[in-house]
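Please read all numbers here as calculations on a predicted model, not as lab measurements.
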Amino acid sequence: QVQLVESGGGLGQAGGSLRLSCAASGRTFSSLSMGWFRQAPGKEREFVASINRSGGLASYADSVSGRFTISRANAKNTVYLQMNSLKPEDTAVYYCAGGSYGSSREGYNYWGQGTQVTVSS
């Protein structure tokens, strides 16, 4: 089993930045690809970013490409999401996930509880 705990959410301003962290425990972190998803009220959970096991490959949703950066520190069992140039439409609960690299929710077996990000205009 893998336990994932997100942190770093909160209130941000449009044009500003926030950094989310996700700490993993319970299994070899480096054996998992990691992803970030988000869910806004009344909407489906959607893919944000994914990073492979080594950290050498990353992919992004079009809506965040060029503004968000996913990274990982395997020695710290942690994955990050740096969010720059925030927009009000980035407001959502952000979830960390562990599993197979890519944008499909079905590829991820492990999920955190989520952290709220609210962006004011």
Side-chain angles (χ1 to χ4, degrees):
Q1 287 292 328
V2 176
Q3 292 77 45
L4 301 174
V5 179
E6 302 96 337
S7 61
L11 179 64
Q13 291 189 333
S17 299
L18 286 173
R19 188 173 86 152
L20 305 183
S21 299
C22 173
S25 61
R27 185 178 161 177
T28 304
F29 176 73
S30 60
S31 71
L32 296 172
S33 291
M34 300 298 296
W36 286 96
F37 289 75
R38 67 187 182 185
Q39 187 167 16
K43 294 188 176 182
E44 293 288 321
R45 190 172 300 188
E46 65 175 7
F47 168 74
V48 175
S50 180
I51 190 166
N52 72 342
R53 291 175 292 177
S54 69
L57 187 62
S59 60
Y60 299 90
D62 289 344
S63 59
V64 307
S65 182
R67 299 187 299 121
F68 290 10
T69 301
I70 188 171
S71 62
R72 66 190 296 162
N74 286 347
K76 296 182 179 181
N77 286 1
T78 303
V79 63
Y80 306 96
L81 185 68
Q82 177 67 43
M83 305 186 293
N84 298 330
S85 301
L86 287 167
K87 302 176 180 181
E89 50 264 44
D90 294 321
T91 296
V93 177
Y94 282 72
Y95 297 90
C96 171
S100 298
Y101 178 79
S103 62
S104 172
R105 286 181 295 176
E106 288 70 28
Y108 293 87
N109 304 109
Y110 306 103
W111 293 85
Q113 293 299 306
T115 185
Q116 177 70 48
V117 171
T118 303
V119 182
S120 62
S121 58

What heavy-atom pair brings Leu4 and Ala24 nearest, and what distance separates the two atoms?
CD2-CB, 3.5 Å
Distance, nearest 0.5 Å, that separates CZ of Arg72 from OG of Ser33:
6.5 Å
Donor-acceptor contact present, side-chain Glu6 to main-chain Gly114, <3.5 Å
yes
Shortest non-hydrogen contact between Phe29 and Val79, atoms and distance:
CZ-N, 4.0 Å
Is there a donor-acceptor pair closer than 3.5 Å between any side-chain N or O of Tyr101 and the backbone N or O of Gly107?
no
Looking at every heavy atom in both Arg53 and Ser31, which two are closest together, and how far apart are they?
CD-O, 3.1 Å
I'd like to check Leu86 versus Phe68 (side-chain heavy atoms, cut-off strictly below 4.5 Å). Are they in contact?
yes
Quick one: is the NZ or CZ of Arg105 closer than 6.0 Å to the six-membered ring centre of Phe37, and within 45° of its axis?
no
Would you name the heavy atoms of Ser85 and Ser17 that are closest together and state the gap between them?
N-OG, 4.5 Å
I'd like to know if the side chain of Asn74 and the backbone of Thr28 have a donor-acceptor N/O pair within less than 3.5 Å.
no
Got more than 12 heavy atoms from elsewhere within 6.0 Å of CD, Gln113?
no
How far does CH2 of Trp111 sit from SG of Cys96, to the nearest 0.5 angstrom?
9.0 Å
Dump the intermediate steps for side-chain contact (heavy atoms from CB on, under 4.5 Å) on Met83 and Asp90, then the final yes or no.
CA-CA 9 Å; Met83 305 186 293; Asp90 294 321; 6.0 Å; no
Rounded distance [0.5 Å steps], CD1 in Ile70 versus CD in Gln82:
12.5 Å
Donor-acceptor under 3.5 Å (Thr91 side chain, Val119 main chain)
yes
Within a 6.0 Å radius of atom CD on Gln39, are there more than 12 heavy atoms belonging to other residues, nucleotides or ligands?
yes
Are Gln3 and Gln1 packed together at the side-chain level, in the sense that at least one heavy-atom pair is separated by less than 4.5 angstrom?
yes
Between Tyr60 and Ile51, is the side-chain contact (heavy atoms from CB on, under 4.5 Å) condition met? List the steps.
CA-CA 9 Å; Tyr60 299 90; Ile51 190 166; over 6 Å; no
Tightest non-hydrogen contact, residues Ser21 and Trp36, listed as O-CH2, 3.8 Å
Kindly compute the distance separating OG (Ser30) from CG (Asn77), expressed to the nearest 0.5 Å.
8.0 Å
Return the minimal non-hydrogen interatomic distance between Arg38 and Ala92, and the atom names on each side.
CB-CB, 3.8 Å
So OG1 of Thr115 and CG of Leu18: to nearest 0.5 Å the spacing works out to 9.5 Å
Same cluster or not: are Val64 and Tyr108 linked, directly or through other Ile, Leu, Val, Met, Phe, Trp or Tyr residues, by side-chain heavy atoms under 4.5 angstrom apart?
no
Spacing of Tyr80 atom OH and Met34 atom CE [to the nearest 0.5 Å]:
12.0 Å
Is there a path of hydrophobic side-chain contacts, each under 4.5 Å between heavy atoms, that joins Tyr95 and Val117?
no
